[in-house]
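As structure tokens, the structure follows; a few thoughts come after it.
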2 protein chains.
Amino acid sequence: MPKTPQRSTIADVARHAGVSKATVSRFLNHRDTLLTPAIAKRVEAAVKELGYKPSPMAQALKRGRSRLIGLVVADITNPYSVAVLSGAELACREAGYLVMLFNLGNESERESAGIQALSSYKVEGFILNTMGHDAGAVLETAGQGRPVVLVDRMHQGLDVDFVSLDNPHAIDLCMNHLISAGYRDFLLVSEPLGQVSSRIQRARAYEAFIQARGPALRGDSFECGPADEAALMQRLQALRANARGLPAVVSNNAVVTLRLIAAVAALGWKLGEDIGLIGIDDAPWAPFVGPGVSAVSQPTEQIGRLAARCLLQRLDGLTAPARTILLPGTLAARGSTRSRAAAALAPG
Amino acid sequence: MPKTPQRSTIADVARHAGVSKATVSRFLNHRDTLLTPAIAKRVEAAVKELGYKPSPMAQALKRGRSRLIGLVVADITNPYSVAVLSGAELACREAGYLVMLFNLGNESERESAGIQALSSYKVEGFILNTMGHDAGAVLETAGQGRPVVLVDRMHQGLDVDFVSLDNPHAIDLCMNHLISAGYRDFLLVSEPLGQVSSRIQRARAYEAFIQARGPALRGDSFECGPADEAALMQRLQALRANARGLPAVVSNNAVVTLRLIAAVAALGWKLGEDIGLIGIDDAPWAPFVGPGVSAVSQPTEQIGRLAARCLLQRLDGLTAPARTILLPGTLAARGSTRSRAAAALAPG
DNA sequence: TTGTAGGCGTTATCAT
DNA sequence: ATGATAACGCCTACAA
């Protein structure tokens, strides 16, 4: 049984090299400070020989900074969160930071707990994709004035960097596509809007679009929770019954898209034939469900990378006013919105 | 602009309560040690008033333990990893631990870096779902004798707790189902086996099954990397050309299943009609792709929970010999393996 | 029962 | 250019 090989400390290195701890520390941190070459060599050798690695915790304690970035995601189960996470993680890693993850599991009450936990580990900044429960208040107290960047979800009264899909543009992409495919009757299905800014923005953009086109378009909306399958099916039936041609459903995100796909299947309908469907959030399986599910795809990794980059800039001392970075989505038109609506309507 | 409200320290509390730091510390950690009620009250009040929260980093530095669990996942992009992660995270949280995540992004070289990074933050234990590059060696050195539990992937010479799907059973589930649906010609498609024990085990179980049934069955295998679409399509065509009826493909995991679905689509084939398909790993979209994709579903959250539980027991001092926990998968038979093979073969 | 003091592993401020 | 030394926030002998 190998004795637990105690990690060597800076003191060990100092002893081994016959210098003081301070010298070792300087060699490590302030390479610029000129050390006598001979000493430098000795220290370097000792470091290598002992396999010395500084203790991040001790450094954090001393410096008040930890080389840690705190990332709070609303729901790690949502592929969107994961994609953002991996983008952010990569960017942080490249800059020498480690990401500490806190998953809310969609429980907004845990939001402040998450921020506080992360904060207590002295994370140097926060990337937040949260529920909007009370992040603002908590950050005032626990944030310690550390930089914050919001992803996908904005919070009122929190004047910080914000990175997100350009939601109105994404909705326009959906709607213009649907209209040019001949659809005239719509239903927007969202998860319960709550305080979630992205959901709200999409709903607003949708309503604005419908309004702007006058009575030629009919647009309704529905908030669909995880247990609302029955209600959802009823809404879909009503939509189809009252439509003047083939109606289309617009889905607020991938989770809802899947619910819609299930509902349509349960009704025995076929996508693109009995109903149109397009969603925000593309997914790797989308091309293969039915005739292919149309979607507006988000540049998720890029969102994550940019969020991290914003944060890193702040950590580098950038003091510019809060920035808002909106990234365009891209349309992937597939069979679920093929131009049958036009045919069905085919006027004289 | 609110002054950054410095977190209050134990010294602040002591001063506020008019006692020594030691007393505060005792009040916090050793509630059993009898304190004069009057003093206890004063300390309690001070703690509350100042909103004092101990600094986990300082505690970790002093105690050598951090209330942190290190979790290394091979690829956070794989839903399997996420599911395990969320199960483990929940169990850890309930026990008062925070999970620190390290994502390898499928780069096995980063495995040791991950373990070391986590270790330097003094995580109290490791949950590893890694590539099998050199985790063993690294743990000897960096693991500091802290408990480890392996998930899904075993490592030679690492005698620790192991939680996983029962792979042979899962393969038997697949194969028996296929056979009773009339299939006789098979292809197993895996990601490159490498050192990954689960992939290897599944491949072995598959081969064993084929062998055991004698020449009535024909079974081939193929290792398919991310860029092997063309080769994959060729293999599928060869499979179909040489088969005596409808052949079936068995997919090693969800990632491969998606690749197979794409290949089948590119060939213009229909699942369950031109080829059978069943995969290990179920997915929420599986019922809606083509006629539904058959799968053996893993109890992923449970795997994560159990892994965490094993670890927590070890942290509680359990010294039992290394355990192996194998969980059964469950078959979800769908259209992609419907019993057409039998019909096609229909002998006299 | 409570306080004093030392140290966990670093870094930074002084001297030297 | 280098070396003592004092923190960082906390815990724990040991002393009182």
Side-chain angles (χ1 to χ4, degrees), chain A residues 4-44 46-47 50-68 119-124 142 144, chain B residues 4-44 46-47 50-68 116 119-122 124 142 144:
Chain A
T4 54
Q6 286 297 350
R7 264 182 104 70
S8 49
T9 77
I10 205 173
D12 299 326
V13 177
R15 204 174 314 121
H16 204 82
V19 298
S20 77
K21 294 192 301 177
T23 303
V24 178
S25 179
R26 274 190 214 104
F27 172 79
L28 265 19
N29 305 310
H30 310 284
R31 297 299 262 250
D32 51 319
T33 308
L34 243 25
L35 304 222
T36 307
I39 298 241
K41 295 282 183 275
R42 270 167 38 212
V43 175
E44 185 164 20
V47 166
L50 300 183
Y52 167 78
K53 294 270 189 305
S55 152
M57 307 217 83
Q59 290 180 317
L61 183 61
K62 181 62 194 173
R63 317 206 249 222
R65 313 180 288 118
S66 59
R67 302 253 99 191
L68 241 32
S119 168
S120 73
Y121 280 95
K122 297 227 175 302
V123 298
E124 300 188 28
Q144 291 284 66
Chain B
T4 55
Q6 286 298 350
R7 262 182 107 69
S8 49
T9 78
I10 204 173
D12 299 327
V13 177
R15 202 174 315 121
H16 205 79
V19 298
S20 77
K21 294 193 297 178
T23 303
V24 178
S25 179
R26 278 193 285 261
F27 173 79
L28 265 20
N29 305 309
H30 309 285
R31 298 298 265 249
D32 52 319
T33 309
L34 244 26
L35 303 221
T36 308
I39 297 242
K41 296 280 183 277
R42 283 196 350 241
V43 175
E44 185 164 20
V47 166
L50 299 183
Y52 168 78
K53 293 271 188 305
S55 152
M57 308 217 82
Q59 293 187 135
L61 187 61
K62 181 64 196 173
R63 314 206 249 222
R65 313 180 287 118
S66 58
R67 301 255 100 190
L68 241 32
Q116 272 164 349
S119 168
S120 71
Y121 280 97
K122 299 230 175 299
E124 300 188 29
Q144 292 283 64

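Hydrogens, waters and symmetry mates are skipped; everything else that's a heavy atom, side chains included, is used. Convention: sequence-line order gives letters A, B, ...; per-chain numbering from 1.
The distance from atom CG of A:Leu28 to atom P of C:dT10 is 9 Å, rounded to the nearest whole Å. Going from atom CZ of B:Phe27 over to atom P of C:dT1 covers 16 Å, rounded to whole Å. Between the P atom of C:dT2 and the CZ atom of B:Arg15 lies a distance of 20 Å, rounded to the nearest Å. Whole-Å rounding puts the B:Lys21 NZ to C:dG6 P distance at 12 Å. Atom CD1 in B:Ile10 sits about 16 Å away from atom C1' in D:dA7, given to the nearest Å. Put simply, CG on B:Leu35 is 15 Å from C1' on D:dT12, counting in whole angstrom units. Put simply, CZ on A:Arg63 is 16 Å from P on C:dG9, counting in whole angstrom units. Atom CE in B:Met57 sits roughly 13 Å away from atom C1' in D:dC10 (whole-Å rounding).
Using a 4.0 Å heavy-atom distance criterion, B:Tyr52 is classed as a sugar-phosphate-only contact. As judged by a 4.0 angstrom heavy-atom cut-off over every strand, B:Lys122 is placed among residues making no nucleic acid contact. Within the nucleic acid shown, A:Leu61 comes within 4.0 Å of at least one base atom, counting heavy atoms only.
Of the inter-residue distances, the one linking B:Ser119 atom OG with B:Glu124 atom CD reads 12.0 Å to the nearest 0.5 angstrom. Atom NE2 of residue A:His16 and atom CZ of residue A:Arg42 lie 11.0 Å apart, to the nearest 0.5 angstrom. Residue A:Ser25 holds its OG atom at 6.0 Å from NE2 of A:His30, rounded to the nearest 0.5 Å.
Here A:Thr23 does not reach the OP1 or OP2 of D:dT2: none of its side-chain N or O atoms lies under 4.0 Å away. Residue B:Thr9 places no side-chain N or O under 4.0 Å from the OP1 or OP2 atom of D:dG9. Note on B:Thr36: a side-chain N or O is less than 4.0 Å away from OP1 or OP2 of C:dT2. Between A:Ser55 and the phosphate of C:dG9, there is no side-chain N or O to OP1/OP2 separation shorter than 4.0 Å. Note on B:Ser25: a side-chain N or O is less than 4.0 Å away from OP1 or OP2 of D:dC11. Within the structure, every side-chain polar atom (N or O) of B:His30 is placed at least 4.0 Å from both OP1 and OP2 of D:dC11. Between A:Gln59 and the phosphate of C:dT11, there is a side-chain N or O to OP1/OP2 separation shorter than 4.0 Å.
B:Arg7 contributes no side-chain N or O that forms a donor-acceptor pair with the base of D:dG9 under 3.5 Å. Judged by atom type and distance alone, A:Lys62 reaches the base of D:dA7 through a side-chain donor-acceptor pair under 3.5 Å.
The side-chain heavy atoms of A:Arg65 and A:Lys122, taken from C-beta on, include no pair separated by under 4.5 Å. In this structure, the side chains of B:Pro54 and B:Ile10 stay at 4.5 Å or more apart for every pair of heavy atoms. Using a 4.5 Å cut-off on side-chain heavy atoms (C-beta onward), B:Phe27 and B:Val13 make no contact.
Comparing A:Arg26 and B:Arg26 along DNA chain C, the residue whose closest nucleotide (by nearest heavy atom) sits nearer the 5' end is B:Arg26.
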